[in-house]
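Since the structure comes first, as structure tokens, the remarks are kept for the end.
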Amino acid sequence: MTTNARRNALRHYGTLLLGVAILAFGLYNVHSRTAITEGGVLGMTLLIQHWFHITPGISGLILDITCYIFGFRLLGKAFLKNALVASVGFSACYNIYEWFGYVLPDLSPYPLAACLLGGLFVGVGVGLVVREGGASGGDDALALIIAKVSGCRIAIAYLATDLTVLLLSLSYIPWQRIAYSLITVTLSSFLIDKIQTFRVSRRETA
């Protein structure tokens, strides 16, 4: 491997790990304390748990693996490699944050601030991961698949999956909580799209 190739690989995987570190930080310090949720696979596992009493530890794994299988078929071998690195990195970062404990104040009394800050962490973190061709979970893989198959922008793909799950979640979650979660997924989808578009624009002008 040449020096330039090693430098590119270091930048690539460094960006992936930076993205999942930001994502895990936000999910641990904001989402897990304020009951502000996301849509996609995470929201679907909670929905399945409520109605069918299947733990998210099982349903989440099944949904993620299913999304990764389709992602591998449609997005290629490089996607699966990047996704595995990001997934392992996310798990490691989340465990480290749990070991250190919370470093941000509890925003539970301020749900609007919580949903905005949470959306910022998710949008920037996932945006960096997706920009490098990876996925931090089944949500990202599913959005990438929808965007590739339909030709729509990735922000639309994220919103479509998130809104579907959030609407279904109205069957057991008060609409006030869903409203704050909607702000989070809208902001995060917007940021993911902008970060990925920025990378594409740089490639086109290079």
Side-chain angles (χ1 to χ4, degrees), residues 7-34 36-46 56-57 60-72 75-104 114-145 147 154-155 157-158 161-162 181 184-185 187-200:
R7 186 181 299 113
N8 288 336
L10 182 62
R11 179 207 55 77
H12 171 70
Y13 290 111
T15 303
L16 279 176
L17 294 176
L18 175 62
V20 296
I22 294 172
L23 172 63
F25 184 87
L27 291 180
Y28 176 69
N29 283 281
V30 180
H31 287 73
S32 69
R33 305 176 73 186
T34 60
I36 300 297
T37 187
E38 285 281 326
V41 171
L42 175 60
M44 183 57 71
T45 61
L46 297 176
L61 180 62
I62 294 173
L63 291 173
D64 279 344
I65 290 175
T66 301
C67 290
Y68 281 156
I69 290 174
F70 281 104
F72 172 73
L75 303 173
K77 183 179 179 180
F79 160 79
L80 183 60
K81 182 179 179 180
N82 291 332
L84 290 175
V85 171
S87 295
V88 172
F90 171 83
S91 179
C93 288
Y94 200 94
N95 287 333
I96 291 172
Y97 296 144
E98 284 187 319
W99 185 75
F100 277 102
Y102 299 118
V103 298
L104 294 181
C115 70
L116 290 174
L117 186 60
L120 178 64
F121 280 120
V122 172
V124 173
V126 174
L128 290 174
V129 173
V130 172
R131 193 181 76 174
E132 295 300 319
S136 58
D139 307 68
D140 306 333
L142 182 59
L144 288 168
I145 293 168
I154 194 167
Y158 270 104
T161 57
D162 288 340
S181 298
T184 295
V185 300
L187 176 59
S188 62
S189 298
F190 172 80
L191 290 173
I192 292 168
D193 183 68
K194 288 301 180 183
I195 293 173
Q196 189 200 40
T197 302
F198 175 73
R199 177 57 180 272
V200 172

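Position 1 is the first residue of the sequence, and the numbers go up from there. Basis for what follows: all heavy atoms, side chains included, without hydrogens, waters or symmetry-related copies.
Using a 4.5 Å heavy-atom threshold, the side chains of N82 and Y13 count as touching. Using a 4.5 Å cut-off on side-chain heavy atoms (C-beta onward), S188 and V126 make no contact. Here the side chains of L187 and L116 are in contact, with some heavy-atom distance below 4.5 Å. The shortest distance between side-chain heavy atoms of F79 and L144 falls below 4.5 Å. The shortest side-chain heavy-atom distance between V20 and L16 does not fall under the 4.5 Å cut-off. With contacts defined as side-chain heavy-atom distances shorter than 4.5 Å, the pair L23/V122 qualifies.
By the 6.0 Å contact criterion, OH on Y94 is enclosed, its count of non-hydrogen atoms from other residues, nucleotides or ligands being greater than 12.
Aromatic ring orientation, Y97 versus Y28: parallel (interplanar angle below 30°, classes split at 30° and 60°).
Judged by distance alone, the side chain of D140 and the main-chain N or O of G134 form no donor-acceptor pair under 3.5 Å. Listed for the N95 side chain is a donor-acceptor partner under 3.5 Å among the backbone atoms of S91. No side-chain donor-acceptor contact under 3.5 Å links N29 to the backbone of Y102. Within the 3.5 Å criterion, the main-chain N or O of L104 finds a donor-acceptor partner in the side chain of R33.
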